[in-house]
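Notes follow once the structure below has been shown.
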Amino acid sequence: MIVGCSDQPQVTPAESLAQAKRYKNGDGVPMNMVEATRQFEIAAKGGSLEAALELVNLLDNSKNGAARDSMAIAKWLKVAAELGDSASALRLALMIDKGEGVTMDPVEAARWYLLAAKAGNSDATLEIGIRLADGIGVAQDPIAAITWLEIAAKSKHWQAGRWLGFIYSTQDSTVTDQTTATNWFRSAAEKGDAVSEYQFAARLQQGIGIEANPKESLEWFNMAAEQGLVLAQVALATTLRDGTGVAVDSAQAAKWFEVAAQAGSAVAQLQLAQMFEYGDGIARNTALAAHWYSLAAAQGSIPANISLGMLHSAGDGVVKDSQAAARCFLNAAERGDADAQLMLGRILLNGEGGVPANAREAAAWFDKASISGLPAAQYELARLYEFGTGIPSDNSEASRLYLLSANQKYPDACFAIGLRYDSGNGIPESDLEAAKWYQIAAENGVPHAKFQLGVLFERGDGVPQNESIAAGYYLDAAEQGLEWAQYFLAQLHRRGAGVPFDQTLAYAWLNISASAGNNTAANERNQLRAKLTKDEISKAQDLSLKLLKVSAEVALANRQRFLPPGQRKAGATQTGSMQPSDRTRDLIGGENGGKKSGGSNKQSNQNPRPNRSQNPR
């Protein structure tokens, strides 16, 4: 038996390609796309670049409603790329970058971008330059990036100029050159690249790599803004609002903030809201301010949450709603903002609106803000330690926190630490230290500190005795509604000590003090009445209506300024934990609907007696 082998000649890729074209076009044979595709595949596998490109073209233009086969396209693009086609290498890299038909792989994508760039594909030079600049899929290499991007820039890729600008502007880089960076940004900006227009404008405004030119800067910001670049719209609005090297134009500033705000910029929403809230060059409109604050707050803006909370607290432009305010403060507080933690703590401490009072939660939020160094929070927490409100009483800790706050010149803390030095409460007694801290508090508008300074000067404790100076301090505090300052001032007028002897004026101040609830003043007024004529009494009563420099509401608030923050609830369990619990969110928007829980948190309406004896003599 004779065993033979096939005598059929091997078909070359060129022959398979030709046969495929005949079946595709119906050239001498019936048109048959299935057979054409088979022959193209044979030719492509044999090394025919044209066949591989034909297959990609057929797949790109598939008909009969067939879904585009990205996997097959990527397969034949790879064949074409391996056969040296740079356009196919670029397209394959783009597909790998997106995970289109293949597994997303930045390293593999970068490899094909580099091969395409080396083969002379100008688009690929831009892509590999960007990846080398940012270290995407390859090790970051600014020098190599510059090489490829400069080639791309010469090939009319204006985006390359933008990237070159970023590379040269990078701080602490081996290639940093601000002048070169500015030149590249200018080059790309002149070709209409909005990002480069913005960058060039910013550098012109600040004089980075070029002489500052605010007016030209404004023109470039405007060009980028007109192209819809939100960053440029915000920068343009900010420049016009602040008049940075150009004339202030609040109307145009508001216009551009609104354009950017409508595009979703939280920064623009916040800035526009602030312009409306404060009437910054435009008509004040707190309703619009609240609208824009709410949009910025929904995007997580801490300042917007705080400002919106303040509007809800005051009922300014929105319905007065303590629960809504607390929710805004909570949103910012949970992100670590100390001011929001402070304001949330105050709402929880006082039980405002529909928010039930909860001193323990308030203490926890004050503690967080205090750790951040906020003097107002240190003061509030010190008061809770002093009075044992929500947390165990700790006089030493109260002194420590008062001093921390006072050292930052927080007025109420300066007064509080002055009181402690005055009486030796928790710290060694010192009239000199007391006077020092009272003085700081008084200079910052604390009427109680003025009163206590008056006592020190009248007695000569820690300061030279001087009844005239004492009378001046008493008068300042008395005009702000402090009933004991009114009483002490009346005593000076009755004696003519440091002030003119004036029984009528003394009666007027005693009358005001008595009307504020000072029984001692009421008794002395009644005794003095017997010594005055009817006309003198009538004059004194008229004076009583004119001597205060504040409203009755402000006078009452001044008198109550240093009342205890609230009494402990009977039988309440205290804890040393200083972490806010999930209870906070329940309290400000929970099932209670604003109903307060049992127990009393009422403040005493009896103002603390003055630190010194009523009779300084």
Side-chain angles (χ1 to χ4, degrees), residues 90 93 97 106-107 109-111 113-239 242 244-246 267:
L90 172 64
D97 239 351
V107 174
R111 185 174 77 85
Y113 282 132
L114 183 58
L115 287 172
K118 288 179 176 179
N121 187 288
S122 64
D123 293 337
T125 61
L126 174 64
E127 296 294 343
I128 192 60
I130 291 171
R131 280 150 186 79
L132 285 164
D134 277 358
I136 301 173
V138 291
Q140 193 171 33
D141 187 341
I143 295 176
I146 288 171
T147 299
W148 288 113
L149 288 169
E150 287 181 344
I151 294 171
K154 292 175 183 177
S155 301
K156 311 302 182 185
H157 283 291
W158 48 261
Q159 303 99 317
R162 179 208 303 172
W163 281 97
L164 285 163
F166 282 126
I167 293 171
Y168 280 112
S169 66
T170 302
Q171 297 295 328
D172 302 322
S173 169
T174 56
V175 297
T176 302
D177 184 333
Q178 298 299 345
T179 300
T180 301
T182 299
N183 289 337
W184 278 114
F185 281 131
R186 183 208 292 266
S187 174
E190 289 172 344
K191 295 177 175 65
D193 177 46
V195 173
S196 295
E197 290 171 347
Y198 164 74
Q199 291 291 337
F200 183 52
R203 297 170 83 81
L204 273 170
Q205 187 178 68
Q206 299 169 46
I208 301 174
I210 192 172
E211 185 178 349
N213 189 327
K215 291 184 178 179
E216 186 180 355
S217 168
L218 189 69
E219 294 172 4
W220 285 105
F221 275 140
N222 191 75
M223 283 189 276
E226 292 286 1
Q227 289 202 63
L229 187 67
V230 172
L231 277 174
Q233 292 165 352
V234 173
L236 176 60
T238 303
T239 300
D242 298 343
T244 309
V246 296
V267 172

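Since the model is a prediction, treat every value here as computed from it, not as a measurement.
Each salt bridge (charged side-chain N to carboxylate O under 4.0 Å, His left out) pair with one or both residues in residues 214-223, not counting sequence neighbours, would appear here, but there are none.
The backbone N or O of Arg186 lies less than 3.5 Å from no partner atom in the side chain of Arg203, so there is not a single donor-acceptor pair. Here the side chain of Thr147 pairs a donor or acceptor atom with the backbone of Ile143 at under 3.5 angstrom. Side-chain N or O atoms of Gln227 include one that pairs as donor or acceptor with a backbone N or O of Gly192 at under 3.5 Å. A distance-only check finds no donor-acceptor pair linking the side chain of Arg111 to the backbone of Val107 [under 3.5 Å].
From Gln199, atom CD reaches atom CD1 of Ile208 across 9.0 Å, with rounding to the nearest 0.5 Å. Remark: Gln159 CD to Asp123 CG distance equals 9.0 Å, nearest 0.5 Å. Here the CD atom belonging to Glu127 is positioned 13.0 Å from the CG atom belonging to Leu114, to the nearest 0.5 angstrom. Of the inter-residue distances, the one linking Glu226 atom CD with Glu197 atom CD reads 10.5 Å to the nearest 0.5 angstrom. Once rounded to the nearest 0.5 Å, the distance linking CD1 of Ile128 with CD1 of Ile136 reads 10.0 Å.
The only option from Asp177, Asn183, Thr182, Thr176 that meets the side chain to side chain donor-acceptor pair (under 3.5 Å) definition with Thr180 turns out to be Asp177.
Side-chain contact check for Lys118 versus Trp148: some heavy-atom pair is nearer than 4.5 Å. For the pair Ile146/Glu150, a side-chain contact is recorded, criterion being any heavy-atom separation below 4.5 Å from C-beta on. Within the 4.5 Å cutoff, no side-chain heavy atoms of Glu190 are placed close to those of Phe200.
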Checklist entry - After noting the C-alpha distance and the side-chain angles of Ile167 and Trp184, does the key distance pass the side chain to side chain contact (heavy atoms under 4.5 Å, CB included) rule? => result CA-CA 10 Å; Ile167 293 171; Trp184 278 114; over 6 Å; no

Next on the checklist: Let's go through Trp163 and Asp134 carefully: what are the C-alpha distance in whole Å and the side-chain angles of both, what is the deciding distance for side chain to side chain contact (heavy atoms under 4.5 Å, CB included) to 0.1 Å, and is it a yes or a no?
Outcome noted: CA-CA 10 Å; Trp163 281 97; Asp134 277 358; 3.4 Å; yes

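With ring centers used as reference points, Tyr198 lies 6.0 Å or more from Phe185.
In this structure, Thr125 and Ala152 approach most closely via the heavy-atom pair OG1-CB, 3.3 Å.
A search for side-chain contact (heavy atoms from CB on, under 4.5 Å) contacts involving Ala201 returns Ser217, Trp220, Phe221, not counting sequence neighbours.
Donor-acceptor pairing under 3.5 Å is lacking for the side chains of Gln205 and Thr244.
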